[in-house]
Amino acid sequence: MPRVTGARTADTAARAAPVAASRPLAGIALLLLSMWVLSSLDASGKWVMAAGVPMLLLSWVRYAAHLLVALALIVPVKGWGILASKRPREQMLRGGAMLGATLFFFTALRFLPQAEATAINFLAPLIVLLLAPWLLREPPRMSRWVAAGVAFCGVLIVIRPSGGLDAMGTMYGLLGAFCFAGQYIATRRVAGDDPLTSVIWSGGVGTVVLSFTLPYAVPAALPVLRELDALHWFVLASTGVTGCLGHLLQIAAYRKAPASSLAPFAYLQIVSSTTTGWLIWGHFPDALTWVGIAIICGSGMGIGVLEWRRARRLAP
């Protein structure tokens with residue numbers, strides 16, 4: 001989630017967390033750890049939904065637990081002042097976009113293998129580059145359009161009709177990618193806030209909004225909830241812990257190393273997603289799907305390197 005996943009929260013950390021020290025190996029290690037944590041979140045959500053837990057109830061637990069863990073870890077260190085935002089409206093928009101991305105991604109996971117759903121979400125950063133001239137007032141560049149087009153070709157290979165992917169799941173995956181892109185854009189508008197503030201607000205917005213669905217979601221879910229064993233309850237509660245921890249690990253990673261050093265490694269989340277999907281459900285992408293995934297990741301890494309070099313040339 002997000003992803004995303006890596007893809008889902010890296011933009012928050014990269015743009016809002018200052019680099020306190022140049023320790024690239026420590027930053028890379030923290031980033032890779034965050035990917036495994038977030039992939040476990042995705043796998044946990046898919047697993048409890050397979051047991052019958054409704055997606056809305058799963059999402060509420062994910063955000064409520066996220067909020068509680070964030071408050072328990074951050075407030076004792078930073079104080080209650082960390083909740084104050086310089087741009088509360090933008091924080092709410094960002095939280096809403098993140099919530100939409102979560103709902104669409106969890107829905108996609110009901111229909112798609114984890115690796116393929118994650119690969120589709122990697123479109124989000126390229127959608128941002130594509131829309132940057134209009135939404136972020138950045139100069140249009142042909143390289144960004146080419147990268148987005150190449151990545152879309154990779155997605156077409158992944159979701160090809162002969163690939164056996166569910167059409168409904170694919171649609172939700174693409175909608176989730178656009179929501180993730182909206183989250184990235186909103187993140188840039190709250191760059192003046194402490195990234196820890198964004199972690200708390202994202203949990204708070206999701207919890208408040210989803211709480212309005214509980215009167216409808218809980219009664220329908222009661223028969224399923226009564227049948228859940230201790231392991232299912234533990235995994236369900238863990239979704240909020242892993243979601244919050246994944247965000248905090250990425251913030252720590254981008255404080256250890258510059259974004260330019262970490263950006264290529266963000267696409268390795270496909271490895272953790274594929275591994276968890278294979279270990280739990282036995283899902284493993286076929287050769288042609290791996291070609292599409294490689295095109296998506298290669299396009300993202302390539303434009304990342306070009307943007308980094310361009311930034312270095314323009315830097316004073």
Side-chain angles (χ1 to χ4, degrees), residues 1-10 31-53 55 58-59 61-62 101-125 151 154-177 179-180 231-232 234-236 238-243 245-246 249-250 265-298 300:
M1 228 167 292
R3 120 151 6 109
V4 181
T5 56
R8 275 175 267 182
T9 55
L31 183 66
L32 294 177
L33 180 59
S34 74
M35 293 175 189
W36 283 96
V37 171
L38 291 172
S39 292
S40 70
L41 160 64
D42 299 338
S44 298
K46 185 177 177 67
W47 192 67
V48 294
M49 283 192 296
V53 176
M55 185 269 296
L58 161 65
S59 300
V61 172
R62 179 257 181 274
T102 300
L103 296 177
F104 282 127
F105 186 73
F106 275 157
T107 305
L109 284 175
R110 293 177 57 189
F111 302 97
L112 302 179
Q114 190 174 342
E116 282 82 345
T118 302
I120 294 173
N121 273 320
F122 279 139
L123 266 180
V155 170
L156 291 179
I157 295 175
V158 172
I159 65 176
R160 68 195 185 279
S162 61
L165 296 184
D166 187 276
M168 187 67 68
T170 299
M171 181 190 71
Y172 281 117
L174 291 172
L175 290 173
C179 284
F180 281 127
L231 178 59
H232 282 91
F234 174 80
V235 173
L236 177 60
S238 75
T239 56
V241 178
T242 51
L245 183 59
L249 285 170
Q250 290 199 339
F265 294 93
Y267 286 89
L268 289 179
Q269 187 176 355
I270 193 64
V271 176
S272 58
S273 295
T274 301
T275 302
T276 53
W278 174 63
L279 291 175
I280 299 174
W281 295 282
H283 295 157
F284 196 82
D286 60 23
L288 194 54
T289 299
W290 275 115
V291 171
I293 291 172
I295 291 174
I296 298 169
C297 296

> Looking at Gly45 and Phe106, what are the two nearest heavy atoms and their distance?
Replying inline: CA-CE2, 4.2 Å
>> Using every non-hydrogen atom in the two residues, find where Val48 and Leu236 come nearest and quote the distance to one decimal.
In response: CG1-N, 4.0 Å
> Out of curiosity, Leu38 CG to Leu249 CG, how far, rounded to the nearest 0.5 Å?
Replying inline: 8.0 Å
> Which atoms form the tightest heavy-atom contact between Phe180 and Ala124, and what is the distance?
Replying inline: CB-CB, 3.5 Å
> Of the options Leu231, Val53, Thr239, which is the one that meets Trp47 in a side-chain contact (heavy atoms from CB on, under 4.5 Å)?
Replying inline: Leu231
> Side chain of Thr274, backbone of Val271: donor and acceptor closer than 3.5 Å?
Replying inline: no
>> Rounded to the nearest 0.5 Å, what separates atom CD in Glu116 from atom CG in Leu109?
In response: 11.0 Å
> Distance only, no hydrogens: is a donor on one side chain within 3.5 Å (strictly under) of an acceptor on the other, for Thr289 and Asp286?
Replying inline: yes
> From Phe105 CZ over to Ser59 OG, what is the distance, rounded to the nearest 0.5 angstrom?
Replying inline: 12.0 Å
>> Quick check: do Arg110 and Tyr172 have side-chain heavy atoms less than 4.5 Å from each other?
In response: no
> What are the two closest heavy atoms between Ser40 and Thr242, and how far apart are they?
Replying inline: OG-CG2, 3.7 Å
>> Determine whether Ser39 and Asp42 satisfy the following criterion, side chain to side chain donor-acceptor pair (under 3.5 Å), listing intermediate values before the conclusion.
In response: CA-CA 5 Å; Ser39 292; Asp42 299 338; 5.1 Å; no
>> A side-chain contact here means heavy atoms from C-beta on lying under 4.5 Å apart; do Ile293 and Thr118 qualify?
In response: no
> Would you say the side chain of His232 lies within less than 4.5 Å of the side chain of Val235, judging by non-hydrogen atoms?
Replying inline: no
> Relative to the ring of Trp290, is the ring of Phe284 parallel (under 30°), tilted (30 to 60°) or perpendicular (over 60°)?
Replying inline: tilted
>> Tell me the closest heavy-atom pair linking Ala108 and Gly169, and the distance in Å.
In response: CB-O, 3.6 Å
> Can you list the steps and then say if Val291 with Val158 is a side-chain contact (heavy atoms from CB on, under 4.5 Å)?
Replying inline: CA-CA 8 Å; Val291 171; Val158 172; over 6 Å; no
> How long is the span from the OG atom in Ser238 to the CZ atom in Phe234, to the nearest 0.5 Å?
Replying inline: 6.0 Å
> Is Trp278 close to His283 at the side-chain level, that is, under 4.5 Å between some pair of heavy atoms?
Replying inline: no
> Just checking, is any N or O donor in the side chain of Gln114 or Thr276 under 3.5 Å from an acceptor N or O on the other one?
Replying inline: yes
>> Whether the side chain of Ser273 engages the backbone of Ile270 through a donor-acceptor N/O pair (distance < 3.5 Å, no angle test) should be reported.
In response: no
> Is a side-chain donor or acceptor of Thr107 paired with a backbone partner of Leu103 at a separation under 3.5 angstrom?
Replying inline: yes
>> Given 3.5 Å as the limit, does a donor-acceptor pair link the side chain of Arg160 with the main chain of Ile157, or not?
In response: yes
> With distance as the sole test, does Ser34 use its side chain to make a donor-acceptor pair with the main-chain N or O of Leu31 at under 3.5 Å?
Replying inline: yes
> Are Pro113 and Trp281 side-chain neighbours, meaning at least one heavy-atom pair lies under 4.5 Å?
Replying inline: no
>> Quick one: does any side-chain atom of Lys46 pair with a main-chain N or O of Leu41 as donor and acceptor, under 3.5 Å?
In response: no
> Is any side-chain heavy atom of Thr170 less than 4.5 Å from a side-chain heavy atom of Phe111?
Replying inline: no
> Measuring from Asn121:CG to Gln269:CD, what's the distance to the nearest 0.5 Å?
Replying inline: 8.5 Å
> From Ser272 OG over to Leu33 CG, what is the distance, rounded to the nearest 0.5 angstrom?
Replying inline: 10.5 Å
> Considering all heavy atoms of both residues, which atom of Ile296 and which atom of Ala119 are nearest to each other, and what is their separation?
Replying inline: CD1-O, 3.8 Å
